[in-house]
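Reviewing the structure listed below.
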Amino acid sequence: MNKTEVASAVSLGAPDSAAIVEREAGLHQDLSSRQVAMIGLGSTIGTGLFLGSAISVKLAGPAVILSFAGAACIAVTMMWALAEMAAAHPAAGSFGLYAEMYLHPWAGFAIRLTYWLCMMVVVGSEVVAASIYCKFWFADTPSWVWIGLFSLVILCVNCASIGSLGTFEYWLSMIKVVTIVAFLILGTALLFGVGFPKVGFANYTAHGGFLPNGWKGVGLGVVLGLFSFFGIEVVGSTAGEAADPKVAVPKALRRTLIVLALFYVAGLALVVGIVPWKQIGLVESPFVRVFQTAGIPAASHVMNFVVLTAALSSAVANLYFAARLAFSLARGGYLPAALGRLSGRNMPVVAVLASAGGMAAALVLSQYFKDSLFVFMIGLSTFGALFAWLMTLLTHLAFRRFHHRQGRPYLQLGPPGPWASLTGLGGVFAVSVSTWWVPGFRITLLAGAPWLAFITVCYFVWRRAGSRKPNQGEGFDG
C-alpha cells in the first residue's frame, strides 16, 4: 500500500496497521521487554530529576512534592493512552502514526516533526547537563570539551546494532536505578536518624513554610514536574523493534511510570527534607548536595558519577527516539528518503546523524550562554513535548471512539469512557499556559504559534508536491 492509499484509508476512518508495518519494515525486533523498560527509564531519568528538579524546588519550595505528584497524575493518562494505541499498532512512528491514522495526516506530520526537533534539543540539554556535572571534578575544563567527547560516544552507541544499544542502555540505566534506590534508603536513614545524626522534619516548614510561594508556586512547579516525565513516549517507539511489542510495550510503560513516580516524589521529598530548599542552586545537582550536607564527601562523588551516567543514558535513549521519528517521517515521504535507509545492521544511521543536530547546537551555544544554556534549552524543548502529549491524548479519544463504533476489541488499560484522556488534556493545557510565568520557559509559548504556522505551510507544500509524486513513500532500502 503506498502513501496515497494510506491517506485514503485514513479518510475513510479505517486505519490499516498492515500498511504501517510495511511502510516502516526493516528494523530488527531484538529488544527484550527488560531492555524496552530500561530504555524508557533511560529517556526519563536524567536532567529532569537530577538537575531540572532544582528549578521546581525554587518555584514551589518543599511543596515541590505536590508538584511532582500532580505531574505524575497527568502522566498516568498519557501512559494509558499510548499503551493502548501501541498495543494495537506497534510501529516505530508511535504517536505520530496514530495521529495520522485517527486525526488527520497533518497531525501525524506535525507531531513527528515537532517532537523530532524537540528530542534533538533534549539530547543537547542532556549533554550540557553532563558537562555541568563534570565541573564537580574538573572545574577549569571548558564545557565544550565534555560536550564534544560525550556527543561522540552517544553517536557511536546509536549507530551500533539495536541489540548492542539495548544492552548498553540497560546497564547504564541500571546504574542509576540501583543508586536511586540506595539514595532513598540512605536519605530515609538521614531523615529519621538511623545510623546518622537525625535531620528531622524541620526543613519542611522552617524556611517560609511548606508553601513558601503559595499554590501558584506548586502549579508552576508542575511544569518542571511534567518535564521530568517527558521521554516516557520513547517506549511507544520501541514497538517497532521489540520482540513482543503487544505485551512488552504496555508492560514497560506501566512499570516505567510506577518507578518514575516513586523516584521523583520520594526522592524530592528526601531532598527538601534534608537540605533547606533555599540552599539548592541551579548549577549543581540537589542530590549531590544532599550527600555534601550529610558530610559524606565520598558518597557525593559517587552520586555525581551516577547523575553523569543518568544524563548520558538519557541522551542515548532520546537520540534513539529522535532517529526513529526521523526514520518514520522519511518512510512516510515527509523527509528525504536517505533518512529512511538502513545500514547493514538494520540501523537508521543517516537518521541518527541528522538527529544529532541538538548536540552540535549545544556545542556552539555553550560558548555564549554557559550556565543559562540548560534552562534555555529545556524551555525551548518543552513546547514540542507538550504539543506531542496534547495531540496523543486527542488521538486516544478518536482511537477509542473508532473502536467502540466499529465494535473492535483493544487492550483497555485506563478507565472506560473519555474522562481520563480529557482530564489529561486539561492538565497538559494548564501546564502549557503556566509556562508563561516560569523563568526561562516563556519561549515555550512565544515559539509555539509561529512554529505551528510554519510547519502547516510546510505540510501543504509537501502535499501539493506529493500529488505530483504518488509513490513518494517508496524509494527507501528495506
Worked verdict on Tyr320 versus Val157 for side chain to side chain contact (heavy atoms under 4.5 Å, CB included): CA-CA 9 Å; Tyr320 163 87; Val157 171; over 6 Å; no

Test side chain to side chain contact (heavy atoms under 4.5 Å, CB included) applied to Leu59 and Asn213, step by step: CA-CA 7 Å; Leu59 291 169; Asn213 297 321; 5.6 Å; no

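Here the shortest heavy-atom pairing between Ile154 and Val127 reads CD1-CG2, 3.9 Å. When every heavy atom of Ala356 is checked against every heavy atom of Leu155, the shortest pair comes out as CB-CD2, 3.6 Å. Considering every non-hydrogen atom in both Val218 and Ala63, the closest pair reads CG2-CB, 3.5 Å. Across Phe327 and Gly340, no two heavy atoms sit closer than the pair CE1-O, 3.3 Å. The two residues Ser432 and Thr435 come nearest to each other via the heavy atoms O-OG1, 2.6 Å. In terms of heavy-atom proximity, Ala420 sits nearest to Pro415 at CB-CG, 3.9 Å.
Proximity of a side-chain donor or acceptor of Thr395 to a complementary backbone N or O of Met391 within less than 3.5 Å is detected. Ser434 contributes a side-chain N or O that, together with a main-chain N or O of Val431, makes up a donor-acceptor pair within less than 3.5 Å. No side-chain donor-acceptor contact under 3.5 Å links Asn318 to the backbone of Met119. Between the side chain of Thr77 and the main chain of Ile74, a donor-acceptor pair closer than 3.5 Å is present. At distances below 3.5 Å, not a single donor-acceptor pair connects side-chain atoms of Arg112 with backbone N or O atoms of Leu325. A donor-acceptor pair under 3.5 Å is absent between the side-chain atoms of Ser313 and the main chain of Thr309, judged by distance alone.
The line from CG of Leu97 to CE of Met85 is 11.0 Å long, rounded to the nearest 0.5 Å. To the nearest 0.5 angstrom, Leu312 atom CG is 11.0 Å from Ser173 atom OG. Atoms CD1 and CZ, from Ile162 and Arg324 in turn, are 5.0 Å apart once rounded to the nearest 0.5 Å. With values rounded to the nearest 0.5 angstrom, Leu319 atom CG is found 11.0 Å from Ser314 atom OG. Taking CG from Leu308 and CD1 from Ile132, the interatomic distance works out to 11.5 Å, rounded to the nearest 0.5 Å. Rounding to the nearest 0.5 Å places CG of Leu393 at 8.5 Å from NE2 of His396.
Residues forming a ring pair (Phe, Tyr, Trp, His ring centres under 6.0 Å) with Phe109 (at least two apart in sequence, or on another chain): Tyr334, Tyr459. For Leu422, the side-chain contact (heavy atoms from CB on, under 4.5 Å) partners two or more places apart in sequence, or in a different chain, are Leu397, Pro418, Trp419, Leu425. In this view, Ala323 and Ala351, Val352, Ser355 satisfy the side-chain contact (heavy atoms from CB on, under 4.5 Å) rule, not counting sequence neighbours. Scored by the side-chain contact (heavy atoms from CB on, under 4.5 Å) test, Leu452 finds Phe383, Phe387, Ile455 as partners (sequence neighbours excluded). Not counting sequence neighbours, Trp146 has no partner by the side-chain hydrogen bond (donor to acceptor under 3.5 Å, both in side chains) test.
Between Met120 and Val123, the closest side-chain pair of non-hydrogen atoms is not below 4.5 Å.
Between His403 and Tyr102, the ring planes lie tilted relative to each other; the angle falls in the 30° to 60° range.
Within the structure, side-chain hydrogen bond (donor to acceptor under 3.5 Å, both in side chains) pairs that include any residue of residues 216-226 do not occur (at least two apart or interchain).
Of the residues Trp451, Trp389, Phe95, the one that meets the ring pair (Phe, Tyr, Trp, His ring centres under 6.0 Å) test with Tyr115 is Phe95.
Between Tyr98 and Phe399, the ring center distance fails the sub-6.0 Å criterion.
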